[in-house]
There are 2 protein chains.
Amino acid sequence: MQIQQNIKVAVDAVVFGYNENKLQVLLIQQKFGLEKDNWALPGGFVKDDETLDEAVVRELKEETSVKANYLEQLYTFGKLDRDKRRRVVSIAYLALLNTKDFTIRADTDAKDVQWFDFDKIPALAFDHKDILMMAYKRLQAKINYQPIGFELLKNEFPFSAIENLYQTILNKKIDRRNFRKKLLSFGFIEETEKIHKPSSGRPAKLFKFNQKKYNELIKTGIHFEIKFA
Amino acid sequence: MQIQQNIKVAVDAVVFGYNENKLQVLLIQQKFGLEKDNWALPGGFVKDDETLDEAVVRELKEETSVKANYLEQLYTFGKLDRDKRRRVVSIAYLALLNTKDFTIRADTDAKDVQWFDFDKIPALAFDHKDILMMAYKRLQAKINYQPIGFELLKNEFPFSAIENLYQTILNKKIDRRNFRKKLLSFGFIEETEKIHKPSSGRPAKLFKFNQKKYNELIKTGIHFEIKFA
DNA sequence: TATTTTTGCGTAAAATTGACACTAATGCAA
DNA sequence: TTGCATTAGTGTCAATTTTACGCAAAAATA
């Protein structure tokens, strides 16, 4: 049986980074083609012999040379005129990584790659603004009940870093004492020996997220909810 | 630019119903073809000129003659060998409806259509079992913070109905008094004048979910969380 | 050594959750 | 008609969780 269908399948990724208390997004700029000069989410067509997950990982590597710390499927966009040249259904992903871990570089297709502060995103190609906003909402919702915020930080971090991260992403003030108490009470964040010297003020212990501990806790059916007034 | 890609795009729907205190799933059976005699989720290929949402609605109508009360995109499945005949990427949907609202009927393709109790699902074609389980988990998770359970009930229902529904879906006992207190406290469920006579026992007031009220409450930023010990 | 900056900690009031048992209304059978 | 079985409807108190809030400690710098 032959199926008449002329739809192409693509993947796109909203890659969030975090740098100097700013949430950032990784974008690429087409130097040629129909969408020349337009910034867009990294992504591309899925190959016949790769899964969707593999496709995003590949595209991210090829286009931006980064490797996500965390990657989850977000939503599939399928409006008819998303792409004016042809019908494209795109599976969008949400990716998190620590900005400092990578030197981004434009790939051979002469694309430009750049981090943008989330509050200074330029006009985007296609329906990528919609995708971005959905990813942001998912991120906001998800850090409240899953410890994915750590994927945006270095392996070891002062407590104030995770605290600022939550405030930045949720865009609201959080009581430092209550936040710390609650987060530590879960038991998946551990103190290290190391200390961090801030540019001024009292030195801080470094903490790290213990993934194994977290997995164990999850298995026991414990349910986290990191919400703050 | 010509893209070399040979991937077909399909949609599949996990349709949940609720009948006599049982969660049910709507399945179809291919009478012919490679998957002959196998039960499967309703679904099919997306047409070039319809969106994904439109495709599911159409397929549901064509294959099972039902119209979902609630429909949300679930996840997109893209493993290489999901379908042995060709590469198919399938966008799965979660649908809810009140079983009694419809007389299901097999369509012209001579498919058989049937409701199955969720705990008596037969072997399913393709990776449909995975899809089903993911839908179930989503449903379980979602009724805790969004009032989608009502989509499975008749417009007006005795309180015990919603109570049983939660117990069935979450698969645990819930304290009747606390449940009622909390759910009513949200303010989006209203009493009607009508009463319902159970086969035995004291008659019950009928309640209804007030969607408008809910929307208003949501706008004011109120956040519900219907979790129970 | 005084000032600034950031870290680190405890307590009490308020709100929410969880546990728990009896009365009310109806149908049916004795 | 009475009593039995069945389901609906309701309130209180203890325990837990959440929220609000302020001050001392460690370092750098002036």
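- As rounded to whole Å, 9 Å separates atom C1' of D/dC21 from atom CG of A/N178.
- Ion pairing between B/E54 and B/R58 fails under the 4.0 Å rule for side-chain N and carboxylate O.
- Two rings, from B/F159 and B/F207, have their centers less than 6.0 Å apart.
- Within residues 179-190 of chain A, the residues that have a heavy atom under 4.0 Å from DNA chain C are, in order of number, A/R180, A/K181.
- Each of B/W115, B/F126, B/F116 was checked for a ring-ring contact (aromatic ring centres under 6.0 Å, His included) with B/W39, and the lone residue meeting it is B/F116.
- A 6.0 Å sphere centred on NZ of B/K182 holds more than 12 heavy atoms belonging to other residues, nucleotides or ligands.
- For B/R176, whose side chain is taken as the heavy atoms from C-beta onward, the closest listed nucleotide among C/dA25, D/dT10, D/dT6 is D/dT10.
- Each of B/I195 and A/S200 lies near DNA chain C, and the nucleotide nearest A/S200 is the one positioned closer to the 5' end.
- Between the C1' atom of D/dT17 and the CG atom of A/D175 lies a distance of 15 Å, rounded to the nearest Å.
- The side chain of A/R177 approaches D/dC21 more closely than any other nucleotide in the set C/dA21, C/dT7, D/dC21.
- Under a cut-off of 6.0 angstrom, the local environment of NZ in A/K142 is crowded, with over 12 non-hydrogen atoms contributed by other residues, nucleotides or ligands.
- Counting heavy atoms from C-beta outward, A/F209 and A/L153 have side chains that stay 4.5 Å or more apart.
- Atom C1' of nucleotide D/dA25 and atom NZ of A/K205 are separated by 12 Å, given to the nearest angstrom.
- For C/dG27, the base has no donor-acceptor partner in the side chain of B/R202 [N/O atoms by modelled type, under 3.5 angstrom].
- A straight line from CD of A/E163 to C1' of C/dG8 spans 11 Å, rounded to a whole angstrom.
- Whole-Å rounding puts the A/F159 CZ to D/dA26 C1' distance at 19 Å.
- Side-chain contact between A/I91 and B/Y75 is absent, with no heavy-atom pair separated by less than 4.5 Å.
- Within the nucleic acid shown, A/S160 comes within 4.0 Å of sugar-phosphate atoms alone, with no base atom in reach, counting heavy atoms only.
- We find that NE2 of A/H196 is positioned 11 Å from P of C/dT6, with the value rounded to whole Å.
- One atom, CD1 of B/I174, and another, C1' of C/dT17, lie 14 Å apart when rounded to the nearest Å.
- Taking atom CZ of residue B/F207 and atom P of nucleotide D/dT7, one finds them 18 Å apart after rounding to whole Å.
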